[in-house]
A.B. asks: 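Below you'll find the structure I mean.
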Amino acid sequence: MTTKLRLNFDNKFIRTLPGDPEPLNFRRQVLGACYSKVLPTPVSQPQLVVYAWEVAQLVDLPVSACDSPEFAQIFAGNALADGMEPYALCYGGHQFGSWAGQLGDGRAINLGEAVNAAGERWTLQLKGAGPTPYSRSADGLAVLRSSVREFLCSEAMHHLGIPTTRALSLVLTGDTVIRDMFYDGHPKAEPGAVVCRVAPSFTRFGSFQLFAARGDLTALKQLVDYTITTDFPHLGAPCPAVYLQWYTEVCRRTAEMIIHWQRVGFVHGVMNTDNMSILGLTIDYGPYGWLENFDLNWTPNTTDASGRRYRFGNQPSIAFWNLGQLANAIFPLLETDDISPLQAALNTYQQHFAEGWQAMMASKLGLQQFDPASDYDLCTDLLTLLQSVETDMTIFFRRLALLDSHADTSDDAQLMAPLLEAYYLPEQLTPAYQAQLGAWLRPYLQRLRRDGLPEAQRRQNMNAVNPNYVLRNYLAQLAIDQAEQGDFSKIHELLELLRHPYDEQPDKRHFAAKRPDWARQRAGCSMLSCSS
């Protein structure tokens, strides 16, 4: 079944790269191919929950098309618009540090690549649209709770200024899906849903790793050459020297993404190499979470609870490790036995991250630039302080802008008064802690005075990088609770709120409050599993 909804599909990926010759959709190892053609599984009763009009504009879809009945049919997987040629990607990856072999799009199906009037290429992908050859023992479906989280977080991250895949739509299927949320032997039926994700490309580190692991250098070179000519055309025609330039740019983009994550307190939760975008985009919103009380050791993923490999403070080093695996994959294409140029390129990640982290921290503190002589200790001492008592990261940095750099600094309690909203447990604010905080605030205020920015300008600068609103874990759960009862108003309200995360929005201040006590240990508000 096709419809009259008009998009300009080009589908260069499947026109250019080798595909799976097997037309039937059954689980198997797929060799020598970048993708398998597969159709979404029809659902019983598509119901549009929400769409992002800004993402529709990216692919030249008018609002009238999004409001049409056929929109829900297409983006639930029941119909194809003209030009759509659905396929699932083949890739491998390291999961929790161990090579997992072939993985692939087990519950994601690309509808095709739409080229807009500006010449931009956007791949539309359904998540939760049914099984593919890469589904292994899974059903390829998704539930409403994970789909709400993915839709809202994709858009929240974009409006925070963080490189990310986008979300066009969220559609209920009318069917139920069986999930064991905590893998504890208590499965239950949950409402099914499909999210349409949008990105220039969904190619991952693991896309290259799989071909390298199999020794299929022909397919590896085809994929690398395609990626460079399509997504990195400014680098020129593919050749060994350009491969090295390309890899260096991937390292830089990845560093920039991780710096943004650390800036706002985002924890991805599953930084496997198959979840790392070659474009430096945040991809695959599974058991992610936002730091509420600042904790470098926190992970939102129950599967990672013991090893904490993907904890907040470890994200920069994990990205470096993952880039190392990508380097191993592409090394055979460099036509040399000398690994030092590739190692030098990998080391640029550390340089970009170090310099970017310093600039990011300076901006969060309202400084015009980072001064290593004073600011390194200023930053590291602050991070130690934030972790010593339960301190809400988002509120602390937002309230820090309210300090008066010319205020009387003789009294610790008075000095920290503007920051009190950030603390979860008042009993932790002992005289000893207040003295420690005062000992940090005094040189900080002195540093601000030395910097010389007018107070109003400093506060404006700080409020432009320290968000007032993030998708707090409990807020997402409230939206899920209501949506599971058929009320989608909270999803729409949060989407509008998160379009302007740095603004005050006086009538929405309750969304900037710290996590309530009831959410401290509640499922969905503290940690999540990979189940979705």
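The basis for the numbers below is simple: all heavy atoms, side chains too, and nothing from hydrogens, waters or symmetry mates. The first residue of the sequence shown is numbered 1, and numbering continues consecutively from there.
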A.B. asks: With no hydrogens and no angle check, do the side chains of R450 and S374 hold a donor and an acceptor under 3.5 Å apart?
C.D. replies: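 A pair is found: one side chain offers a donor N or O, the other an acceptor, under 3.5 Å apart.
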
A.B. asks: Using side-chain heavy atoms (C-beta onward) and a distance below 4.5 Å, is E292 in contact with V470?
C.D. replies: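 Heavy-atom side-chain distance check fails, nothing below 4.5 Å.
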
A.B. asks: Could you check whether Y51 and D67, counting side-chain N and O atoms only, form a donor-acceptor pair closer than 3.5 Å?
C.D. replies: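 Judged by distance alone, the side chains do pair up.
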
A.B. asks: Would a distance-only check, ignoring hydrogens and angles, find a side-chain to backbone donor-acceptor pair under 3.5 Å from H260 to M157?
C.D. replies: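 Judged by distance alone, no pair lies under 3.5 Å.
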
A.B. asks: What distance separates E504 CD from Y469 OH, expressed to the nearest 0.5 Å?
C.D. replies: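 Atom-to-atom, E504:CD and Y469:OH are 6.5 Å apart.
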
A.B. asks: Determine whether more than 12 heavy atoms belonging to other residues, nucleotides or ligands lie under 6.0 Å from atom CD of E427.
C.D. replies: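 Yes, because the 6.0 Å sphere around CD of E427 holds more than 12 heavy atoms from other groups.
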
A.B. asks: Roughly how far apart are K490 NZ and L475 CG, rounded to 0.5 Å?
C.D. replies: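 Reported to 0.5 Å precision, the distance equals 8.0 Å.
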
A.B. asks: Do the two ring centres, one from Y310 and one from F96, sit under 6.0 Å apart?
C.D. replies: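 Yes, ring centres under 6.0 Å apart.
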
A.B. asks: Quick one: does any side-chain atom of R204 pair with a main-chain N or O of D274 as donor and acceptor, under 3.5 Å?
C.D. replies: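 Checking the backbone N and O of D274 against the side chain of R204, a donor-acceptor pair under 3.5 Å is found.
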
A.B. asks: Determine whether W122 and V55 make a side-chain contact, defined as any pair of heavy atoms from C-beta on separated by less than 4.5 Å.
C.D. replies: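 No; the side chains remain at least 4.5 Å from each other.
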
A.B. asks: If you round to the nearest 0.5 Å, how far is CZ of F202 from CG of N110?
C.D. replies: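 Taking CG in N110 and CZ in F202, the distance rounds to 6.5 Å.
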
A.B. asks: At what distance, to the nearest 0.5 angstrom, does CD of E150 lie from NZ of K127?
C.D. replies: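 Separation between the atoms: 3.5 Å.
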
A.B. asks: Can you establish whether the number of heavy atoms outside D517 located under 6.0 Å from its atom CG is more than 12?
C.D. replies: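 No, CG of D517 has 12 or fewer neighbouring heavy atoms, counting only those of other groups under 6.0 Å.
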
A.B. asks: Is NZ or CZ of R308 both nearer than 6.0 Å to the six-membered ring centre of W298 and within 45° of the ring axis?
C.D. replies: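 Pair R308/W298 does not count as cation-pi.
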
A.B. asks: Heavy atoms only: give me the nearest F266-F312 pair and the separation to one decimal.
C.D. replies: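 Taking F266 first and F312 second, the nearest heavy atoms are O-CD1, 3.9 Å.
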
A.B. asks: P372 and F370: which non-hydrogen atoms are nearest, and at how many Å?
C.D. replies: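 For P372 versus F370, the nearest heavy atoms are CD-O, 3.5 Å.
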
A.B. asks: Is it true that Q485 and D481 share a donor-acceptor pair across their side chains at a distance under 3.5 Å?
C.D. replies: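 No.
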
A.B. asks: Which residues pass the salt bridge (charged side-chain N to carboxylate O under 4.0 Å, His left out) test with D105, sequence neighbours left out?
C.D. replies: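 Once residues adjacent in sequence are excluded, D105 has no partner under the salt bridge (charged side-chain N to carboxylate O under 4.0 Å, His left out) criterion.
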
A.B. asks: Does a side chain donor of either N293 or R515 reach within less than 3.5 Å of an acceptor in the other side chain?
C.D. replies: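 Result is yes, a qualifying pair exists.
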
A.B. asks: Between the side chain of R459 and the main-chain N/O of A401, is any donor-acceptor distance below 3.5 Å?
C.D. replies: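 Side chain of R459 to backbone of A401: a pair is present.
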
A.B. asks: Check the side chains of T299 and N301 for a donor-acceptor pair under 3.5 angstrom, ignoring hydrogens and angles.
C.D. replies: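 Their side chains do not contain a donor-acceptor pair, so the 3.5 Å distance test is not met.
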
A.B. asks: Donor-acceptor pair, R166 side chain versus H158 backbone, under 3.5 Å?
C.D. replies: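 The answer is no, because no donor-acceptor pair under 3.5 Å joins these two groups.
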
A.B. asks: Could you tell me if the side chain of L61 sits less than 4.5 Å from the side chain of F71, heavy atoms only?
C.D. replies: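 The answer is yes; the side chains approach within 4.5 Å.
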
A.B. asks: Among all residues two or more places apart in sequence or in another chain, which pass the salt bridge (charged side-chain N to carboxylate O under 4.0 Å, His left out) test with R449?
C.D. replies: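 By the salt bridge (charged side-chain N to carboxylate O under 4.0 Å, His left out) rule, R449 matches no residue at all.
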
A.B. asks: Any side-chain donor-acceptor pair under 3.5 Å between Q436 and S388?
C.D. replies: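 Checked: Q436/S388 side chains show no N/O donor-acceptor pair below 3.5 Å.
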
A.B. asks: When you measure from the side chain of R398 to the backbone of T394, do you find a donor-acceptor pair of N or O atoms at a distance under 3.5 Å?
C.D. replies: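 Judged by distance alone, no pair lies under 3.5 Å.
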
A.B. asks: With ring pair (Phe, Tyr, Trp, His ring centres under 6.0 Å) as the rule and sequence neighbours excluded, what pairs involving residues 436-466 come up?
C.D. replies: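 Listed by first then second residue: W440-Y444.
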
A.B. asks: Verify whether one side chain among E455 and S405 offers a donor that lies under 3.5 Å from an acceptor in the other.
C.D. replies: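 Present: a donor and an acceptor within the cut-off.
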
A.B. asks: A side-chain contact here means heavy atoms from C-beta on lying under 4.5 Å apart; do T391 and Q428 qualify?
C.D. replies: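 Side chain of T391 against side chain of Q428, heavy atoms only: no contact under 4.5 Å found.
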
A.B. asks: Using the six-membered ring of Y349, assess whether NZ or CZ of R252 lies under 6.0 Å from its centre and within 45 degrees of the ring axis.
C.D. replies: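 Here R252 fails the 6.0 Å and 45° test against Y349.
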
A.B. asks: Would Q209 and H94 count as having a side-chain donor-acceptor pair, cut-off 3.5 Å?
C.D. replies: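 On atom types as modelled, these side chains qualify, holding a pair under 3.5 Å.
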
A.B. asks: Run the side chain to side chain donor-acceptor pair (under 3.5 Å) test against H510 and tell me which residues pass, sequence neighbours left out.
C.D. replies: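 Applying side chain to side chain donor-acceptor pair (under 3.5 Å) to H510 gives none.
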
A.B. asks: Which pairs count as ring pair (Phe, Tyr, Trp, His ring centres under 6.0 Å) when at least one residue sits in residues 375-426, sequence neighbours excluded?
C.D. replies: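 Found Y423-Y433.
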
A.B. asks: What's the spacing between S169 OG and L126 CG if we round to 0.5 Å?
C.D. replies: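 Between atom OG of S169 and atom CG of L126 there are 7.5 Å.
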
A.B. asks: Counting N and O atoms only, with roles assigned by atom type, does the side chain of R149 sit under 3.5 Å from a partner on the main chain of Y288, one being a donor and the other an acceptor?
C.D. replies: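 Checking the backbone N and O of Y288 against the side chain of R149, a donor-acceptor pair under 3.5 Å is found.
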
A.B. asks: Supply the atom-to-atom distance M393 CE to D295 CG, rounded to the nearest 0.5 angstrom.
C.D. replies: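 With rounding to 0.5 Å, CE (M393) is 12.0 Å from CG (D295).
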
A.B. asks: State whether the side chain of N473 and the backbone N or O of G289 hold a donor-acceptor pair below 3.5 Å, judged by distance alone.
C.D. replies: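 Looks like no, no N/O pair under 3.5 Å.
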
A.B. asks: With no hydrogens and no angle check, do the side chains of N461 and Q457 hold a donor and an acceptor under 3.5 Å apart?
C.D. replies: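 Yes, a side-chain donor-acceptor pair sits under 3.5 Å.
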
A.B. asks: Between D503 and Q505 (side chain of the first, backbone of the second, donor and acceptor by atom type, cut-off under 3.5 Å), is there such a pair?
C.D. replies: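 No: the side chain of D503 does not pair with the backbone of Q505.
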
A.B. asks: Under the side chain to side chain donor-acceptor pair (under 3.5 Å) rule, what pairs show up with a residue in residues 357-368, not counting sequence neighbours?
C.D. replies: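 Applying side chain to side chain donor-acceptor pair (under 3.5 Å) to every pair that reaches into residues 357-368, excluding sequence neighbours, yields K364-N466.
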
A.B. asks: Would you say the side-chain atoms of H492 pair up with the backbone N or O of V49, donor to acceptor, closer than 3.5 Å?
C.D. replies: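 Indeed, once roles are kept as given, a pair shorter than 3.5 Å links the two residues.
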
A.B. asks: Using distance alone, with no hydrogens and no angle criterion, decide if N314 and S317 have a side-chain donor and acceptor under 3.5 Å apart.
C.D. replies: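 N314 vs S317: donor-acceptor pair found between side chains.
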
A.B. asks: Any non-hydrogen side-chain atom of R499 less than 4.5 Å from a side-chain atom of E155?
C.D. replies: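 When only atoms from C-beta onward are counted, E155 and R499 do not touch, as no gap falls below 4.5 Å.
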
A.B. asks: Tell me if a side-chain donor or acceptor on E190 pairs with a main-chain N or O of R145 at a distance below 3.5 Å.
C.D. replies: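 Not at all, since once roles are kept as given, no pair shorter than 3.5 Å links the two residues.
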
